[in-house]
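The next block holds one structure in the form of C-alpha cells; read it before the comments.
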Amino acid sequence: MTTARRELPPRYDAAAVEPAVYARWEEADAFRPPAEAPAGTESFVVIQPPPNVTGALHIGHALTATVEDTFIRYHRMRGDDTLWLPGVDHASIGAQFVLDKIIATDGESRASLGRERYLERMWQFMDETRHIIGEQHRRLGASVDWSRERFTMDESSARGVRVAFKRLWDAGLVYRGKALVNWCPRCLTTLSDLENVHRDEIGTIWTMRYHLERPDGTPDPDAWISVATTRPETLLGDTAVAVHPDDDRYRALIGRHAILPVLGRRLPIIGDESVDRAFGTGAVKITPAHDPNDYELAKRHGLEAINVLDEGARVNAAGGEFVGRDRQDARESILDRLRGMEDLEAERPHQMVVGHCERCATVVEPRLSVQWFINVKPLADRALASVREGRTKIMPAHFEKVYAHWMENIHDWAVGRQLWWGHRIPAWFCPDGHVTVTDAADAPDACADCGRPASDLTQETDIFDTWFSSALWPFSTLGWPDATSDMARFYPTSVMETGYDILFFWVARMMMLGLFCTDVEPFHTVYLHGMIRAEGGVKMSKTKGNSVDPLGMVDEIGADALRFALVSGMAPGSDQRLTQAKLDGGRNFTNKLWNAARFVLANRPGDRPSDTAEPTLAARWIGSRLADATKRATRQLDALDLGGYAATVYEVAWSDYCDWFLEMAKVDLRRDDATDAERAATWVAAAGGLATLLRLLHPLMPFVTEEIWQALRAEAPEIAAEPLLIRAAWPAATTRDRPAEAAFDDLSTLIRGIRNLRTEAGTPAGARVSLVVEPTDAESAAAIEHGAAYLESLARVRPIEIHSAGERPTLVAAGPLGAAWLAVGGAATPEVGKRRQAQRAELDRNIERIRALLANAAFTAKAPSAVVERERERLADLEQERGQLGAD
RNA sequence: GGGCGAUUGGCUCAGUCGGUUAGAGCGCACGGUUCACAUCCGUGAGGUCACUGGUUCGAAUCCAGUAUCGCCCACCA
C-alpha cells in the first residue's frame, strides 16, 4: 500500500507558506520550554535585546532576530533546555519623543495634559503599539517563548528596579547632588554621557575684550584683557577670568578685576594651572554654570556659579535685558553689542566638538542641577574582572579591549531623568531634607531618618534612565529578586547577542548590575554583531532611501531568503553590506531547496520492496559528505560562527547534494538494468539525505525546511520521523566513508576532465561522444567500469572503451574529441593536445619546487615531521601522475 | 588628543595552529530548451593578499613602521 502523495507546488510561495507554518508551530506550542527541565540537559538561554516599543522593525532587528533564532533553533534541536525570552523596552525618552509628536497633531502637549493625563495617554499608546513589534518578529520566524513575553514597565520589572536601587542605596553607591550635567533643552531632561553624542563641527571662536577695572570701579577704555570663546552668550554667567599663573603676559593682572561687558559685573582675574597659555589669547572667561571645565575651576577657587539659562535654554532673569531670549538669539545680540563697543576683536572659524542629544539632535547644554548619580566605579571593577578572567567572553575578542577601556574610564552615571514615562525613583523627601529610599511599591511609612509620618513625605518626581531597567533585564524577566524556578533553571543566561553599538549602553550595564544584584555574570558569552550597511558601505537611512525594509523583503522573497542573506558571509563585530545580489542569492537558494525537494518527492519509486539493495557509490558518497557537513556545521554553530555555518550548509546542499548527488541519483533511478531494490536504495538515500539537509538548514531557514519536511514526512514517515522539524533532532554525528569519497573524487575528476575536453574541442553540449580510457591499473579499470553509467550521463559519453594499462589507444581521431585519450589513476588526469602539455609543465614545476624544498636541509630538520612527510607523499603522487602522462 | 579595526580578483566577503597550487557568491566570457530548478546547468578567464622592513626552513597569516579608509572614546575655552 502506498501512502498518499503530497506534491509540492512548482513554485515556492513564501508569502503563503510562512504564516501557515508559523501558526502550526504556535499551535503545537513548539517554542516554549517544557514545564520541567529535562534531566541531564544543558540550558541555552538567550534574552532578547528588547526592541523599543515604538520602533518599527528595521534591518538591525531582523539581523538580531535571525542570529538569535538560529542559535535557539540549533540548541532546541540539540535537545538543550532552551529558552528565548522576548520583550519590549519602554524607551522613556524615545517614547515621549514619539508621543509628543502624536499629541501635537491634536493640539496637545505634555504641559497641556499634565503628568497624569499624559501617562494615561502613553499607556493607551502602548496598548495600540506594543503588539506590533512582536507580530513583525513572528514574520521573521522568531521562535521565542511568547508566554514569557516581558515589558520593562511590567510590575515585575518595576519591582526589580526598586529592589536594585534600594540595594545600591544601602551599599552607599547612590548619591544625590548638585552637578553640571548634560541637559537637552528640547527633551527637557538630563542625559547620560552616552546619550550626549559628540560631533565634530566647524564653529566660530570669538575674541572679545574685557576692560580692566580702574581704581574708581569703572572700566578702563584703554586697558583690557582679551578672552576667546565659542559661546559668547555664556558671558552673562561669567564670574572670573583665568590665566596661567606663569604667563608673563598676564601675571601682573592676577588679583585685579575686569568688568564684564553688558552686565558690568566685577570679575576677579585669577591664576590657574589648567589654563593653556597657547590656546586662544591665553585668558579664559569662566562660566561655572555652563562649562564643565569652568565648573571644576570655580570649585577650586570658590567662585560663584550663576545659571543664566532656563530649562529651555532661554536666558533667565540673571541675564538682565536678555531675559527670555533663546541662547542663539542672545548670542547674536551680545555679539552685536560687543561690536558696537568695538570690543569684539576677532572671529575665526574653529574646529570644535559639540554634544547633541542622541534622541533629538538638539545641542546639549551643560546644566547645573541636583541629580541622582550611581557611583559605578566599584561595579565596573567587578565587571571588568569578569571579562579579564574569562567568565564572560566577548566576541569578537577585540571588543574586550574596547569594553575594558570604557570600564577603566567610567564616570558616575547620572541616572535620573526629568521625564514622566518610566520608573519613578523610589525616593521620598521629608521637609527636613532627609531622603528615604524604599523598595516597596508604596510610600514608606515614615522618614527613615527622623520618623516623620508618610503624609509629610513627597516622592521624587524624576524617573530612571531607561537603561537602568534594561540593565536588569536578564534576571528581572525571570522573576528576580524572588528565587523563582525560572531563575534557578535559566539564570545565568548563555549568550547575549546584540549590536556593538550598545556595548556600553546595555551590555556593560547588564554586567555591572547583574554582578551587583545576583553575584554572578548574567551571561557567559557576549556575541556582538556588526551594523548593516547599504551598497557602497554607507549607513542605511530612510531619508537616503537606501534602506532595506525587512518586512517588505519578507513579502517579496520570504523570511528564509532574507535570513540567509543576512547571515551568509557575516563575521561577528564587522559591518556588512546588504546588497541586492545577496538578497537574490538567498532567494535563489530557497528556490534551489524547493526544487530539489520536488524532484525527490516526485521520483519515489511506486512500489518499494522491503529489502533495499546495497547503497550505490552516490548514496555512500552523499552520506559521507553530509557526515562531514554535519560535523563542521556543529562545530561552527557551537563556536557561534554563523557565516561559516551558512557557507557549509549552502555548499553541501547546492554543490554536493544537488549538483552531484542528485545527478548521479537520476542515473541510478533511471538506468534500465536497475532492480527495484536498487532504485529503492537510491531513493532512500536521496530522501534520507534531504532529511539531513533539512535538519542542518532548519535553524537558518526554518520555514521552507519545515514545509518540505511535512511533505517528506507524508511521503516517507520512516525517514522524516518527527512530527515537526522544529522539534526534530539535530543530525547525529556519523563517520565519513573515506573509500566512497576517494572513489567519487577519482570519478568526478574524470568527469570534469572530460567536460573540459568537450568544451575545448567545441563538442556540441548535447552530443554523445566516444571515450577511450587507459586506466592506470586493474583497480582503476574496475572503478571506471563501475562508474560507467555515471560517466555516460554526467559527461555525456558513449560508448566507453577501456584499454589495458600501457596500451596506447589508437583511436586518436575518435570523433570530435580529436586526439583525445584519457589516463586514469589515483588522481585521474584527462588530457588533450596543448592542455596536456600545459599540465605536464605545471606538474614539472611543482615537482621541482617540492624537490627543492625537500633538498633544503633546514626544512627537513626544522619543520614538523608530519609536514615533511606530507610533502614527501605529495611529491610521490605528483611523480606518479607525471609518469602516467609520459613524455613527448 | 587617545584607542580599536580594516585593506585579499570588477563587486561583496571567507581564509582554522604560520605549512601543498589563496577559496566562495555575484559580475564577466563561452556553451546549453537532458523530463527538480533559466531563481538553472556546464566550462573558463581574472589575485605580486595596500606598501616597506623584520622574525622563520616556510608569512595573506606573526612583529615593527608607512599609507589609505572606517569606527569608538575624550570637559581644551
Side-chain angles (χ1 to χ4, degrees), chain A residues 8 10-12 180 193 198 205 227-231 234 242 274-276 279-281 283-287 291-296 350 352-353 355 366 396 398-399 401-402 405-406 409 500-501 503-504 531 535 537 557 561 568-571 573-582 584-585 587-603 635 639 641 643-644 647 650-651 655 658-659 662-663 666 670 752 755-756 758-760 762-766 793-794 796 842 845-846 849-850 853 856-864 866-868 870-871 873-875 878:
Chain A
L8 295 172
R11 291 261 157 192
Y12 175 62
L180 207 55
D193 292 340
H198 291 99
I205 188 161
V227 296
T229 184
T230 55
R231 301 202 54 199
T234 63
S274 70
V275 177
D276 180 353
F279 189 90
T281 61
V284 196
K285 63 190 268 311
I286 301 301
T287 321
D291 182 280
N293 290 316
D294 294 2
Y295 185 67
E296 289 306 311
H350 181 61
M352 53 198 268
V353 182
H398 77 255
F399 273 102
K401 287 190 234 173
V402 179
H405 185 257
W406 190 75
N409 297 290
Y500 64 69
D501 55 331
L503 176 62
F504 307 140
M531 303 296 110
E535 237 145 316
I557 62 175
S568 67
M570 88 175 281
S574 32
D575 294 350
Q576 57 166 327
R577 287 155 216 226
L578 186 60
T579 58
Q580 189 56 47
K582 227 171 181 186
D584 287 346
R587 179 200 57 175
N588 294 354
F589 188 41
T590 311
N591 177 259
K592 189 71 180 173
L593 293 173
W594 186 254
N595 280 293
R598 279 180 59 221
F599 170 79
V600 172
L601 292 172
N603 281 280
R635 181 161 37 80
D641 173 13
Y650 179 88
E651 201 200 334
S655 307
C658 293
D659 286 348
L662 284 185
E663 294 307 314
K666 281 178 190 171
R670 290 168 187 169
R752 277 185 226 268
R755 285 172 178 170
N756 288 345
R758 297 179 60 106
T759 302
E760 280 168 29
T763 312
S793 173
L794 302 189
R796 299 199 74 68
E842 197 191 331
R845 266 201 316 277
N846 280 313
R849 197 178 45 76
I850 298 177
L853 186 62
N856 182 348
F859 172 72
T860 48
K862 295 190 179 178
V867 173
V868 177
R870 206 163 56 211
E871 292 300 326
E873 279 167 22
R874 167 139 179 81
L875 181 62
L878 289 177

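Every chain is numbered from 1 and lettered A, B, ... according to where its sequence line falls, protein lines coming before strand lines.
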Take atom [atom1] of [X] and atom [atom2] of [N], then tell me their distance rounded to the nearest Å.
X      : N      : atom1 : atom2 : value
A:N591 : B:rC40 : CG    : P     : 7 Å
A:R11  : B:rC40 : CZ    : C1'   : 11 Å
A:N856 : B:rG58 : CG    : P     : 8 Å

Heavy atoms only, 4.0 Å cut-off, all strands: where does A:F504 land among base, sugar-phosphate and nothing?
sugar-phosphate

Base, sugar-phosphate, or nothing for A:D276, non-hydrogen atoms under 4.0 angstrom?
base

Under a 3.5 Å limit for both distances, which nucleotide forms a Watson-Crick or G-U wobble pair with [N], could you say?
N      : value
B:rC69 : B:rG5
B:rC76 : none
B:rG42 : B:rC30
B:rA24 : B:rU12
B:rU52 : B:rA64

Under 4.0 Å between a side-chain nitrogen and a carboxylate oxygen: does that hold for A:E663 and A:K666?
yes

Can you tell me how far P in B:rG19 sits from the matching atom in B:rG1, rounded to whole Å?
39 Å

Which nucleotide in the list B:rA77, B:rC57, B:rC40 gets nearest to the side chain of A:N588?
B:rC40

Which nucleotide in the list B:rA74, B:rA77, B:rC72 gets nearest to the side chain of A:D193?
B:rA74

Contact string for nucleotides 2-19 of chain B, one letter per nucleotide 5' to 3', B = base within protein heavy-atom range under 4.0 Å, S = sugar-phosphate only, - = neither, reads --SS------SSS----B

Can you give me the N/O atom pairs linking the protein to nucleotides 33-36 of chain B at distances under 3.5 Å, or say none if there are none?
unit_1 : atom_1 : unit_2 : atom_2 : d
B:rA36 : OP2    : A:R670 : NH2    : 2.8
B:rA36 : O2'    : A:N595 : OD1    : 2.7
B:rA36 : O2'    : A:R598 : NH1    : 2.9
B:rA36 : N7     : A:K666 : NZ     : 3.1
B:rA36 : N6     : A:C658 : O      : 3.4
B:rA36 : N6     : A:E663 : OE2    : 3.1
B:rA36 : N3     : A:N595 : O      : 3.1
B:rA36 : N3     : A:A596 : N      : 3.2

Assign each of A:A581 and A:A858 to its nearest nucleotide of RNA chain B by heavy atoms, then name whichever residue's nucleotide is nearer the 5' end.
A:A581

Measure from NZ or CZ of A:K592 to the centre of the six-membered ring of A:Y650, then state whether that distance is under 6.0 Å and the direction lies within 45° of the axis.
no

Please check if the side chain of A:N409 supplies one atom and the backbone of A:H405 the other of a donor-acceptor pair under 3.5 Å.
yes

